[in-house]
Amino acid sequence: MERYEPLKIEQKWQKIWADTEAFKATEEKDTPKMFIAEMFPYPSGAGLHVGHVRNFTIVDVLARFYRQQGVNVLRPFGYDTFGLPAENYAIKTGTAPQDVTKQNTANFRKQAETLGYAIDWSREINTSDPEYYKWTQWCFLQLFKKGLAYQKESYQWWCPVDQTVLANEQVENGHCWRCGHEVEKKKMKQWFFKITEYADELLDEIDNLNWPEKIKTMQKNWIGRSVGAEIDFAIASGDKATSRKITVFTTRPDTIKGATFLVVAPEYQDLNYLISDNTKDEVMKYKNDALKKSEIERQENKEKTGVFTGSYVINPATKEKIPVYVADYVLAGYGTGAIMAVPAYDDRDREFAEKFNLPIVEAELIDRDLYGTPKTTYRMRDWLISRQRYWGCPIPIAYDKEGNPHPIPEDQLPVVLPDIEDYKPDESGRSALAKATDWLKVKIPVTDEKTGETHLEEMTRETDTLDGYACSSWYLWRYASPHDEKAAWDQEAIKYWEPVDIYVGADHAVAHLLYARFWCKFFADEGYLPFREPITKLIYHGYINAPDGKKMSKSKGNVIDPLDVINDGYGADTLRTYEMFIGPVELDAAWNPRSVGGVYRFLNRCYTLCFDNKTETDREKNIIIRNKTIKKVTEDIFHYNFNTAVSAMMEYVNELYKEGAAKEDLIALAKLLKPFAPHLASEMLEHLDADDEWPKWEDKYLISDTAELVVQVNGKLRATLTIDVAELEDEKAIIDKALDLPKIKKYTESGIKKTIFVKKAKLVNIVV
RNA sequence: GCUCGGAUGGCGGAACUGGUAUACGCGUUCGACUUAAAAUCGAAUGGGGAAACCCGUGCGGGUUCGAUUCCCGCUCCGAGCACCA
């Protein structure tokens with residue numbers, strides 16, 4: 001008898017698939033298509049982990065499932081390679097990030113092939129490849145042209161000793177993580193994408209998405225639309241209003257009569273105007289202290305603080321003179337950075353009023369529109385995209401002598417990231433690109449407004465690079481025509497393949513998934529995309545934790561390496577099937593080495609049934625269980641219930657093991673198994689001389705002649721009764737038969753109140 | 001604090017629009033094969049009880065002939081957001 005040797009079988013089929021380019025996808029106008037993809041990975045040096053395997057296998061099961069049904073499936077693969085980890089590694093080791101990336105992507109591909117994924121490898125893409133980021137830059141320029149990529153002064157963490165911007169995470173208790181000096185908040189010019197332009201559509205379209213509710217809610221909260229009003233409060237001189245004013249945003253303009261003071265944020269732009277000689281020192285001290293505090297510190301200390309500015313304003317509803325305070329519980333980045341405080345209706349304002357002995361007035365509510373102009377604000381801010389880092393996509397911009405930004409002409413793209421020796425950011429506060437002196441100089445054509453003549457002007461390149469989320473905002477469209485040299489994406493290919501039908505991932509609930517939606521709407525408006533939502537169905541799967549239920553981490557030493565599982569002899573098919581069997585797709589699951597063995601035993605039984613089947617049979621009963629199994633597995637995969645699909649196959653195999661299997665039974669088994677365990681299933685189908693076309697069930701084979709009737713007394717199971725299916729048509733006869741059972745008779749001695757017969761459930765309930 | 005999920009045997013989990021709770025897998029126990037072990041195969045397995053039967057889906061109520069499922073009120077766990085006016 002032959003033994004199941006997974007590694008031998010898997011190598012054989014992987015070679016066949018590679019040699020025949022078995023999963024290459026081409027547009028076929030008359031065939032239905034399905035585009036299925038995972039969130040492409042960052043290829044770290046550690047290679048695939050079990051979380052990747054879960055992610056990729058979900059995609060693969062679906063891709064193979066639809067392929068077996070004759071659907072034209074696109075299942076591409078790519079790598080999100082720009083980013084901090086590669087740069088930090090480069091700084092530490094002196095190895096170029098380009099080289100590290102090359103090694104890691106090659107390793108990832110090799111490992112993905114070891115798992116037998118049905119990938120169209122001709123469509124491999126990589127965000128740090130100039131052929132790719134050329135088009136990321138093109139996308140940037142389209143946004144720039146429409147004013148949706150813009151520069152803005154905004155407050156950043158700044159270390160005066162190192163003269164560099166720091167990320168929030170690089171500031172420890174108000175001090176620079178490098179030199180220990182106190183940091184300041186400093187206004188700096190940064191690049192932004194104007195995602196707020198699409199806030200309404202991004203929010204309103206969420207309800208129509210076939211996405212998990214959890215993700216939809218998170219996006220709604222993130223965008224955070226507030227409908228309210230802006231109201232002007234005139235600054236008072238003596239008891240008279242002046243022409244200067246403070247504009248506040250409120251969602252409760254109807255409470256304005258209860259507004260007994262105003263509060264502005266420490267960063268409020270007109271703060272200088274509000275202070276007087278005797279409050280100046282105190283206010284400036286408060287402001288500087290607030291700027292030094294990290295966001296975390298501000299939030300930790302919920303005790304209200306603030307100082308009186310020295311100014312008063314006139315409440316337009318009551319005409320009363322009310323004081324203006326500065327306090328850090330008001331945020332500069334939201335609304336107008338100023339609020340009217342209504343302590344009678346707002347808990348935070350009440351807390352402040354109580355601490356500073358300000359009046360709390362239970363005033364009447366008035367018409368919302370009386371004193372303000374309607375205004376909608378969003379919690380979502382514009383997307384800050386500039387990074388002072390080397391290993392990212394260069395921003396295709398150059399500056400003239402006055403510091404005005406000019407786009408790099410599209411025919412000069414890509415702006416190639418130059419090779420440099422030292423990747424470290426330095427005290428200039430600019431990325432290491434600032435040191436590439438030759439690269440920095442560029443000649444840009446400029447048209448003279450008066451003469452209309454064009455001349456070349458020497459300019460200096462932007463040294464910031466793009467946030468990696470920019471690279472991943474459009475990659476799904478690149479898959480449609482990954483090697484197109486004329487456009488970011490080919491219109492015909494896009495029209496056929498996109499949008500993505502099923503997208504699978506476990507991260508980036510808000511950022512990536514919101515940015516991709518934003519770009520989609522923008523490029524649809526520009527006429528480059530024939531749809532406004534990039535992802536039709538989203539599967540957001542759970543994490544795989546260590547056997548102890550904790551997160552896997554190197555430091556805890558509890559990491560399961562998927563390649564070890566394969567090489568220990570279980571093979572890729574067991575690993576894949578186990579990760580689908582591990583639990584409901586959306587839930588976290590703990591790795592259980594013993595359960596891996598259970599799945600291996602199942603596949604082993606499949607193999608034995610097929611290759612050592614001595615008890616060939618044509619039992620009538622098998623037709624029913626075969627049809628039932630086909631139906632169950634098919635419907636489960638349609639509903640992404642992979643765990644119960646595997647259970648159903650296990651039940652089927654257990655039955656065949658007991659009762660014997662006909663060839664038809666085995667062919668059906670192999671076909672159903674193929675999405676999960678493609679190597680073994682291919683081996684079985686070859687042996688059985690069958691194709692892999694997805695099997696169909698017939699409803700007429702789902703019904704047997706006899707049925708088990710459930711007999712309840714007061715809703716409790718008391719007996720079962722085997723009856724002929726035809727008997728279900730005669731309610732009276734069924735009930736009589738049930739009442740006649742000796743087990744039931746003893747309950748009915750004191751009389752029967754009523755009887756209930758449920759045909760669909762094959763159930764009789766006797767109420768006594 | 002707010003929002004969204006969860007809670008079912010020793011464990012992971014099944015259960016269609018209310019209808020036999022615990023499918024499937026793990027573990028455990030017993031048996032077969034073997035000199036022995038592993039592997040494999042078979043049987044049993046929610047708790048209590050000799051049995052009849054009773055109790056069982058986080059807790060307390062409710063609706064119903066019948067509730068893991070629907071309604072009301074809690075507890076605990078997880079995730080996200082967090083002074084957004």
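The chains referred to below are lettered A, B, ... by the order of the sequence lines, with proteins before strands, and numbering in each begins at 1.
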Discussion item. Quick check on RNA chain B: between A:Asn641 and A:Tyr600, whose nearest nucleotide comes earlier from the 5' end?
Written reply: A:Asn641
Discussion item. Taking the nucleotide of RNA chain B with the nearest heavy atom to each, does A:Lys754 or A:Gly337 sit closer to the 5' end?
Written reply: A:Lys754
Rounded interatomic separation in angstrom, taking [atom1] from [X] and [atom2] from [N]:
X	N	atom1	atom2	result
A:Ile756	B:G19	CD1	P	14 Å
A:Asp507	B:G80	CG	C1'	12 Å
A:Leu587	B:A14	CG	C1'	13 Å
A:Met580	B:G12	CE	C1'	15 Å
A:Leu717	B:C54	CG	P	12 Å
A:Asn714	B:A67	CG	P	11 Å
A:Lys760	B:C16	NZ	P	11 Å
A:His541	B:A79	NE2	C1'	16 Å

Select base, sugar-phosphate, or nothing to describe what [X] touches, counting heavy atoms under 4.0 Å on all strands.
X	result
A:Arg718	sugar-phosphate
A:Arg594	sugar-phosphate
A:Asn765	base
A:Asp349	nothing
A:Glu708	base
A:Lys716	sugar-phosphate
A:Gly598	sugar-phosphate
A:Asn604	nothing
A:Glu213	nothing
A:Phe642	nothing

Any [X] side-chain nitrogen or oxygen under 4.0 Å from OP1 or OP2 of [N]:
X	N	result
A:Ser226	B:A85	yes
A:Tyr540	B:G80	no
A:Tyr329	B:A85	no
A:Asn654	B:G25	yes
A:Lys214	B:G5	no
A:Arg379	B:A82	no
A:Asn643	B:A14	yes
A:Arg605	B:C41	yes
A:Lys550	B:G78	no

Using the [atom1] atoms only, state how far [M] lies from [N], rounded to an integer number of Å.
N	M	atom1	answer
B:C55	B:U3	P	39 Å
B:A79	B:G73	P	26 Å
B:G58	B:C54	C1'	22 Å
B:U29	B:G5	C1'	38 Å
B:U22	B:U68	C1'	11 Å
B:G42	B:C26	P	12 Å
B:C33	B:A38	C1'	13 Å
B:U64	B:U69	C1'	13 Å

Can you find a side-chain donor-acceptor pair between [X] and [Y] that sits under 3.5 Å?
X	Y	answer
A:Asn221	A:Arg379	no
A:His508	A:Tyr515	no
A:Asp200	A:Tyr378	yes
A:Tyr325	A:Thr309	no
A:Asp349	A:Tyr329	yes

Worksheet item: A:Asn641 pairs by side-chain contact (heavy atoms from CB on, under 4.5 Å) with which of A:Val585, A:Val633, A:Asp636?
Response: A:Asp636
Item to complete: Please assess A:Met649 against A:Leu673 for the test side-chain contact (heavy atoms from CB on, under 4.5 Å), listing each intermediate value before the final yes or no.
Response: CA-CA 8 Å; A:Met649 289 188 280; A:Leu673 189 62; 4.0 Å; yes
Worksheet item: Would you call A:Glu351-A:Lys304 a salt bridge at under 4.0 Å N-O?
Response: yes
Worksheet item: Does the pair A:Lys737/A:Glu727 count as a salt bridge with the N-to-O cut at 4.0 Å?
Response: yes
Practice prompt. Determine, using ring centers only, whether A:Tyr570 and A:Tyr578 are less than 6.0 Å apart.
Written response: no
Discussion item. Tell me if the aromatic rings of A:Phe261 and A:Phe352 count as close, with their centers under 6.0 Å from one another.
Written reply: yes
Discussion item. On the side chain of A:Lys753, is there an atom forming a donor-acceptor pair with the base of B:C65 - under 3.5 Å, no angle test?
Written reply: no
Worksheet entry | Cation-pi geometry met for A:Arg626 and A:Tyr652 (6.0 Å, 45°) | no
Of all the nucleotides listed ([options]), which has the minimum atom distance to the side chain of [X]?
X	options	answer
A:Val767	B:A85, B:G13, B:C65	B:C65
A:Lys304	B:C55, B:C83, B:C26	B:C83
A:Glu651	B:A85, B:A23, B:G13	B:A23
A:Val758	B:G19, B:C26, B:C24	B:G19
A:Lys746	B:C53, B:C26, B:G12	B:C53
A:Phe581	B:U20, B:G25, B:A14	B:G25
A:Tyr334	B:A85, B:G42, B:C24	B:A85

Response to the item:
The dot-bracket string of RNA chain B, counting Watson-Crick and G-U wobble pairs with both distances under 3.5 Å, using [ ] for crossing pairs and | for pairs to another strand, is (((((((..(((......[....)))((((((.......))))))(((....)))..(((((..]....))))))))))))....
Item to complete: Would you mind calling B:G56 syn or anti? Take O4'-C1'-N9-C4 for purines or O4'-C1'-N1-C2 for pyrimidines, and syn is within 90° of 0.
Response: anti
